[in-house]
Amino acid sequence: MTPETDVVCLSQHRWDFVYQRPNHLMSRFARERRTFFFEAPVFDAREPQLEVRTARENLFVATPHVPRADAPELARLQRAVLDRLLASYGVRDPLLWFCTPTALAFAPHVRAKLTVYDCMDDLPAEHHAHETDLFARADLVFTGGHSLWEAKRARHPRVYPFPSSVDAAHFAQARTLREDPADQASIPRPRLGYFGVVDERMDLELVARIADARPDWHVVMIDPTANVDPAKLPRRQNVHWLGQRAYDDLPSYIAGWDVALIPFAMTPSTRFISPTKTLEYLAAGKAVVSTPVRDVVRPYGERGLVRVADHEGFVEQIEQALEETGSARRAAADAFVARTSWDVTFRRMAALLRQATREKGDRACSIT
């Protein structure tokens with residue numbers, strides 16, 4: 001794959017929603033080539049329209065503005081906007097990067113030098129047909145965790161596990177920052193913190209249980225909400241819903257926490273998740289308590305880097321984390337974090353992309 005090859009990423013998320021895996025990877029592609037992030041549509045137009053903005057040099061965020069429509073019509077409208085984007089910028093034979101197989105409904109016609117499916121989650125049954133079609137088309141499949149790799153590896157000859165990584169230097173700022181953000185400064189301590197999306201995967205009953213068990217503890221939630229009725233969020237004097245904060249501001253909030261939480265519910269929707277925040281919390285130097293999510297238990301729980309508990313033991317594990325004074329866990333966590341980074345992950349992915357491009361070129365030559 002030459003530097004002239006553009007990248008087109010098809011995502012079900014918004015670029016500015018939560019800074020996560022696609023943001024990290026596409027920002028690194030943009031260091032050396034034009035990169036287009038085609039995000040979820042906005043339903044505010046009578047006719048399909050294309051909005052493009054520059055997020056940073058070489059990185060273009062494309063937003064389809066379309067009317068509300070049923071699935072077939074929506075796919076037609078998104079296809080029209082995607083075609084407009086490719087034509088306007090002269091994009092030909094790009095690296096086509098699918099963050100969701102549902103994008104195949106509006107992009108089956110796009111010729112690509114290489115097609116990648118970055119599988120970040122297990123999908124509901126209604127999307128399985130799209131995923132089957134994408135497995136048939138993809139040259140490479142990356143998974144967002146090891147348990148997801150175990151579930152998908154028999155479905156494609158080239159499936160590689162790439163658990164989400166960390167910008168360690170960014171989150172390590174939390175170790176030295178001393179000034180609390182204004183909206184957190186008045187919250188008493190000890191503080192238990194969470195940042196990330198609050199959606200159907202969150203164990204809201206557990207959050208309420210923690211707050212009720214220890215009224216002297218204060219739970220700080222840094223979050224956007226999605227697919228959750230705000231009326232169902234536990235409202236307590238010691239639960240503080242601060243809303244979404246910019247990625248650049250997260251270290252200043254984490255710096256003021258005593259323990260970081262991963263309170264995901266144990267349901268089919270969390271069976272294969274690999275929470276990015278695990279490494280981010282550890283890079284910030286925080287003690288972490290999590291529910292028994294498989295990709296947290298292995299490797300973090302097994303190595304003693306994260307305390308893992310169900311409902312019955314969660315409060316007790318927080319108590320132990322608050323009492324922790326030794327540096328052994330932090331030293332082990334630092335050593336683990338030092339072995340990975342988004343740059344390392346990106347380089348390993350790029351090596352597989354180059355190899356697949358060469359082999360695909362060789363196959364094409366052998367056919368002609």
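If you read the sequence from its start, that first residue is 1, and numbering goes on from there. Side chains are part of it too, since the values below use all heavy atoms of this structure and drop only hydrogens, waters and symmetry mates.
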Holding to ring pair (Phe, Tyr, Trp, His ring centres under 6.0 Å), I want the full list of residues that pass it with F346, two or more places apart in sequence or in another chain. F29

So that I can tick it off, tell me whether E324 and R330 are bridged by a salt bridge, with the cut-off set at under 4.0 angstrom between side-chain N and carboxylate O. no

Answer yes or no: is there a side-chain heavy-atom contact under 4.5 Å between L279 and Y300? yes

Out of F162, F98, F135, F142, which one pairs with Y117 under the ring-ring contact (aromatic ring centres under 6.0 Å, His included) rule? F135

Can I get a per-line list of side-chain donor-acceptor pairs under 3.5 Å for residues 249-257, giving both atom names and the distance, sequence neighbours left out?
unit_1	atom_1	unit_2	atom_2	d
S252	OG	D249	O	2.6
Y253	OH	D183	OD1	2.8
Y253	OH	D183	OD2	3.1
Y253	OH	R245	NE	2.9
W257	NE1	Q184	OE1	2.9
W257	NE1	Y253	O	3.2

Could you list who else is in F272's hydrophobic cluster, with ILVMFWY side chains joined at under 4.5 Å, directly or through other members? L148

So does R271 have more than 12 non-hydrogen atoms from other groups sitting under 6.0 Å from CZ? no

Could you tell me whether R175 and D334 make a salt bridge, using a distance below 4.0 angstrom between a side-chain N and a carboxylate O? yes

Closest heavy-atom pair, L10 versus A107, reported as atoms and distance to 0.1 Å, is CD1-CB, 3.6 Å

With E47 via side chain to side chain contact (heavy atoms under 4.5 Å, CB included) - residues at least two apart: none

State yes or no: are the ring centers of F106 and F38 separated by less than 6.0 Å? yes

Closest non-hydrogen atom pair between K360 and A112, with its separation: NZ-O, 3.7 Å

Side-chain ion pair, D258 and R189, N-O less than 4.0 Å: yes

Contact check, side chains of V198 and L204, non-hydrogen atoms, under 4.5 Å: yes

Among residues at least two apart in sequence or on other chains, which ones pass side chain to side chain contact (heavy atoms under 4.5 Å, CB included) with R68? F43

Does any N or O in the side chain of N238 come within less than 3.5 Å of the main-chain N or O of W217, such that one atom is a donor and the other an acceptor? yes

Which heavy atom of T345 sits nearest a heavy atom of P163, and at what distance? OG1-O, 4.5 Å

Side chains of S11 and E39 only: does a donor on one sit below 3.5 Å from an acceptor on the other? no

Qualifying residue for side-chain contact (heavy atoms from CB on, under 4.5 Å) with M120, from C99, S164, S274: C99

Grab the two heavy atoms, one from V289 and one from V259, that are nearest each other, plus how far apart they are. CG2-CG1, 3.9 Å

Looking only at the aromatic ring of each residue, does the gap between the centers of F60 and F37 stay below 6.0 angstrom? no

R111 atom CZ, neighbour heavy-atom count above 12 within 6.0 Å: no

Looking at R31, I'd like to know if its CZ atom is crowded, meaning that more than 12 non-hydrogen atoms belonging to other residues, nucleotides or ligands lie closer than 6.0 Å. yes

Who pairs with R209 by side chain to side chain contact (heavy atoms under 4.5 Å, CB included), at least two apart in sequence or on another chain? H311, E312

